[in-house]
Protein chains: 2
Amino acid sequence: MKFSASKENHLKAIFHLQLEQGIVTTNALAAALQTRPASVTDMLKKLKDQKLLLYERYKGFRLNNEGKKAAIQVIRKHRLWEYFLVKKLQFGWDEVHEIAEELEHISSKKLVDRLDAFLGFPDTDPHGDPIPDSQGRFLQRRQISLSELPLNKPAQVSAISSQTTEMLELLQHKHIQLGTRLEIRKKFPFDNSLEVKIRNRPPVTLSAQVAKNVLVKDDE
Amino acid sequence: MKFSASKENHLKAIFHLQLEQGIVTTNALAAALQTRPASVTDMLKKLKDQKLLLYERYKGFRLNNEGKKAAIQVIRKHRLWEYFLVKKLQFGWDEVHEIAEELEHISSKKLVDRLDAFLGFPDTDPHGDPIPDSQGRFLQRRQISLSELPLNKPAQVSAISSQTTEMLELLQHKHIQLGTRLEIRKKFPFDNSLEVKIRNRPPVTLSAQVAKNVLVKDDE
DNA sequence: ATTTAAATTTAGACAAATCTAAAATTAAAA
DNA sequence: TTTTAATTTTAGATTTGTCTAAATTTAAAT
C-alpha cells in the first residue's frame with residue numbers, strides 16, 4: 001500500500017490523537033494538522049473508503065488495524081530519519097523535525113529497513129520516542145512527571161494524576177490540559193517551582209506541587 | 001526557491017536534453033518524462049512565467065541561468081543520494097535510481113550539504129556521473145559513447161546514460177557494469193551492433209541502441 | 001507551390017487536496 | 001425543554017498537474 005503524503009500525515013496525526021482519547025474529533029485533527037475542519041472531513045471520507053478508518057459522521061473516528069499499521073510505518077520512518085540526521089549528519093535534535101516530515105514520505109520499504117540496519121537498529125529517536133521495528137512493534141513510551149522533565153525538552157501533557165477541582169481549575173486557568181505541548185524554560189531550586197512555555201502563549205509559573213501531578217511524555 | 005517535484009523533474013530533464021542539442025523540443029521532453037506533449041506545454045508556460053525558461057511557442061525552449069541553477073541542484077541531490085544508498089546502505093548501483101528519484105525532491109539545502117560532507121565530498125556518483133558541488137560547479141568528464149569508441153581501444157565503463165530497469169538488467173546479464181574494462185573486437189555495419197571483449201570472458205554482442213547508452217572513458 | 005504529415009498548442013475535462021460560506025447536527029445553557 | 005452555541009458536514013470554488021481531442025503551426029513531400 002502506498003499513500004499520498006497528505007494521507008500519511010492524517011493517519012499519523014490520528015494515531016497520536018487516539019493514544020490520548022480513544023476517539024478523535026474533527027476539530028482536534030484539524031488543529032493538529034493546521035488545516036480546516038472541512039478539509040479534515042473530506043479526507044476522512046477517503047480514508048474510510050480505503051478501509052483505514054472507522055468513521056460515522058458527527059460521531060468521531062479512529063483508525064482500524066490497517067490504519068494503525070500504516071500510521072506506524074510512517075512514524076517508524078520519521079523517527080529513523082531523525083536519528084540519522086542527528087547521529088550521522090550532526091543536526092541538533094531541535095532542528096530535525098521539519099526535514100523528517102519530508103523524508104518520512106519516501107516510500108521504499110527496503111530503504112527504511114536498510115537505514116535501520118545502518119543505524120544499528122536504534123530503539124529510541126533523538127527525542128526519546130520509541131522507534132517501531134520492521135514489523136511495526138512498539139515499545140510504549142513511558143510518561144514522567146513534569147517535575148522530572150529536563151529543561152527545554154518538548155513534552156506533551158498525557159495525564160493529570162490528582163484530579164481535584166481546584167487543581168483542574170488552576171490548570172485550566174494556565175491553559176494546560178491533556179495534550180498541551182510545553183517545555184520547561186526555567187527551574188527555581190529555591191522552591192522547585194517551574195516556568196513553563198506553551199506555544200503561542202506567555203510563560204506561566206507552576207508550583208512543585210502542581211508539577212508533580214502533571215504527567216508528560218516526550219513530544220515528537 | 002522551492003519547486004514542486006514535477007517542476008524539478010521537468011527542469012532536470014530539460015537540462016539533460018539540452019546538453020545534447022542546445023534546444024529542446026516538446027516531444028523529446030514528453031518522451032523523456034513519460035508524459036504527453038500537451039502536459040509538457042502546460043508546464044512550459046509555468047516555467048516561463050517563473051523565469052526559468054526561454055520559450056516561444058512552436059519554437060523549442062531551453063533553460064536560462066536560473067533554470068540551469070535549479071536543475072543542477074536537483075541533479076546534485078539525486079547523485080549524492082545515490083552515492084549514499086550504494087556506499088552506506090549497500091544497495092546495488094542498478095537499484096538506486098528510483099529511490100533517488102524520490103529523495104532528490106527533499107528541499108532542505110542544509111541537509112544536502114551535510115550529506116555531502118558526511119559522504120566525504122564525493123565527485124562522482126555510483127554510475128560515474130559527476131556530482132555538482134554546493135555552488136553548482138560541475139566537473140565535466142570527457143566520456144564518449146561506446147558506439148564511438150575505436151576498435152581495439154581499451155576503455156572503462158564510466159556511466160550508463162539511460163537507466164531503465166530493462167537496460168540495466170540486460171547489462172548485468174552481459175556482465176557489464178561501472179568500471180568494467182572492455183574493448184571492441186568487431187563492428188557490424190549492417191545494424192551497427194558491436195562485439196565486445198571483457199577480460200576473462202567470452203565476447204558478447206551489444207546492439208547499437210545499448211552501445212549508445214554505455215559511456216566509456218580511456219582506460220589508463 | 002500545394003498538399004500532406006508531423007509537431008505543437010489550445011480548449012475543455014478530471015482527480016487530489018484544499019478552502020469559504022452555509023446548512024445540518026449535536027451539545028450546552030438558560 | 002427550548003434556545004443558543006459549538007461542532008461537523010455539505011456545497012461549491014480554487015489550484016496544481018495531468019489527460020484527450022481538436023485546432024494550429026511548422027516541416028516534409030510530391
Side-chain angles (χ1 to χ4, degrees), chain A residues 1-14 17-18 20-62 67 70 74 101-102 104-105 107 168-169 172 177-179, chain B residues 1-14 17-18 20-62 67 70 74 101-102 104-105 107:
Chain A
M1 307 300 131
K2 210 190 141 182
F3 308 106
S4 71
S6 178
K7 272 182 190 151
E8 290 192 340
N9 286 335
H10 281 76
L11 292 171
K12 193 176 53 143
I14 297 168
L17 287 172
Q18 80 181 32
E20 308 299 317
Q21 18 248 46
I23 207 103
V24 185
T25 66
T26 302
N27 271 2
L29 183 53
L33 289 170
Q34 313 229 77
T35 181
R36 299 292 173 178
S39 309
V40 164
T41 301
D42 290 341
M43 186 58 85
L44 293 177
K45 286 186 207 158
K46 294 173 198 164
L47 294 177
K48 189 191 179 179
D49 288 351
Q50 273 172 72
K51 301 208 202 309
L52 298 164
L53 196 67
L54 304 169
Y55 168 56
E56 276 180 278
R57 70 201 205 305
Y58 292 108
K59 299 203 160 184
F61 46 90
R62 61 186 208 280
V74 180
E101 283 291 304
E102 286 188 61
E104 74 188 6
H105 303 298
S107 58
L168 295 176
E169 188 196 323
Q172 184 165 31
Q177 54 185 296
L178 265 188
Chain B
M1 306 302 130
K2 211 190 141 183
F3 308 107
S4 72
S6 177
K7 271 181 192 152
E8 289 192 340
N9 286 335
H10 281 76
L11 292 171
K12 193 176 54 144
I14 298 169
L17 288 172
Q18 81 181 31
E20 308 298 317
Q21 19 246 41
I23 207 103
V24 184
T25 67
T26 302
N27 270 2
L29 183 52
L33 289 171
Q34 313 227 79
T35 181
R36 298 293 172 176
S39 310
V40 164
T41 301
D42 290 341
M43 186 57 87
L44 293 178
K45 287 186 207 158
K46 294 173 197 164
L47 294 177
K48 188 192 180 179
D49 289 351
Q50 273 172 73
K51 301 206 202 312
L52 298 164
L53 195 68
L54 304 169
Y55 168 56
E56 275 181 279
R57 69 201 204 305
Y58 293 106
K59 298 203 158 181
F61 46 92
R62 61 186 210 278
V74 181
E101 282 292 304
E102 286 188 62
E104 74 187 6
H105 302 299
S107 59

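Values below: all heavy atoms of this structure, side chains included; hydrogens, waters and symmetry mates excluded. Computed from a predicted structure; not experimentally measured. Below, chains carry the letters A, B, ... as their sequence lines are ordered, and counting in each starts from 1.
- Shown here for B:T26 and B:F61, the closest heavy-atom pair between the two residues is N-CE2, 3.6 Å.
- Note on B:Y55: only backbone sugar-phosphate atoms sit closer than 4.0 angstrom, heavy atoms only; bases stay farther off.
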Contacts under 3.5 angstrom, residues 42-52 of chain A side chains, donor-acceptor by atom type, not counting sequence neighbours:
residue, atom, partner, partner atom, Å
A:K48, NZ, A:Y55, O, 3.1

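- The phosphate of D:dG17 (OP1 or OP2) has no side-chain N or O of B:T35 nearer than 4.0 angstrom.
- B:T26 has a side-chain polar atom (N or O) that falls below the 4.0 Å cut-off from OP1 or OP2 of C:dT9.
- Regarding A:D49, its CG atom lies at a distance of 14 Å from the P atom of C:dA15, rounded to whole Å.
- Of all heavy-atom pairs between B:L17 and B:A32, the closest is CD1-CB, 4.2 Å.
- What separates CE of B:M43 from P of C:dT9 is a distance of 14 Å, to the nearest Å.
- Residue A:K45 places no side-chain N or O under 4.0 Å from the OP1 or OP2 atom of D:dT9.
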Mind listing the N/O atom pairs, protein and nucleotides 24-29 of chain D, below 3.5 Å?
residue, atom, partner, partner atom, Å
D:dT24, O2, B:Y58, OH, 3.2

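- Straight-line distance from the CD atom of B:Q34 to the P atom of D:dC19: 11 Å, rounded to whole Å.
- Applying the side chain to side chain contact (heavy atoms under 4.5 Å, CB included) rule to B:A13 yields the partners B:L29, B:L33; only residues at least two apart in sequence or on another chain are considered.
- Here D:dT9 presents its C1' atom at 14 Å from NZ of A:K48, a figure rounded to the nearest Å.
- One finds no side-chain N or O of B:N27 lying less than 4.0 angstrom from the OP1 or OP2 phosphate oxygen of C:dA6.
- C:dA16 atom P lies 15 Å from atom NE2 of A:H10, rounded to whole Å.
- Between A:S4 and C:dA17 there is a side-chain N or O to OP1 or OP2 distance below 4.0 Å.
- Here the shortest heavy-atom pairing between B:Q18 and B:V24 reads CB-CG2, 3.6 Å.
- Contact between the side-chain N/O atoms of B:K46 and the OP1/OP2 oxygens of D:dT16 is not found at any separation under 4.0 Å.
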Can you give the donor-acceptor pairs under 3.5 Å from side chains of residues 1-11 of chain B to other protein atoms, not counting sequence neighbours?
residue, atom, partner, partner atom, Å
B:S4, OG, B:K7, N, 3.1
B:E8, OE1, B:H105, ND1, 2.7
B:N9, OD1, B:H105, NE2, 3.1
B:N9, ND2, B:A5, O, 3.4
B:H10, ND1, B:S6, O, 2.8

Pairs: protein N or O with nucleotides 20-22 of chain D N or O, under 3.5 Å:
residue, atom, partner, partner atom, Å
D:dT20, OP2, B:R36, NE, 3.3

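- Nucleotide C:dA17 holds its C1' atom 14 Å from the CG atom of A:L29, rounded to whole Å.
- Counting only distance, with no hydrogens or angles, the side chain of A:T41 and the backbone of A:P37 share a donor-acceptor pair below 3.5 Å.
- Separating the CG atom of A:L44 from the P atom of D:dT7 is a distance of 16 Å, rounded to the nearest angstrom.
- Atom CZ of B:R62 and atom CD1 of B:I14 lie 12.5 Å apart (nearest 0.5 Å).
- Residues that satisfy the salt bridge (Lys or Arg N to Asp or Glu O under 4.0 Å) test with B:E102, not counting sequence neighbours, are absent from this structure.
- Computed from coordinates, the A:I23 CD1 to D:dT8 P distance equals 11 Å when rounded to whole Å.
- OP1 or OP2 of C:dT10 has not a single side-chain nitrogen or oxygen of B:T41 nearer than 4.0 Å.
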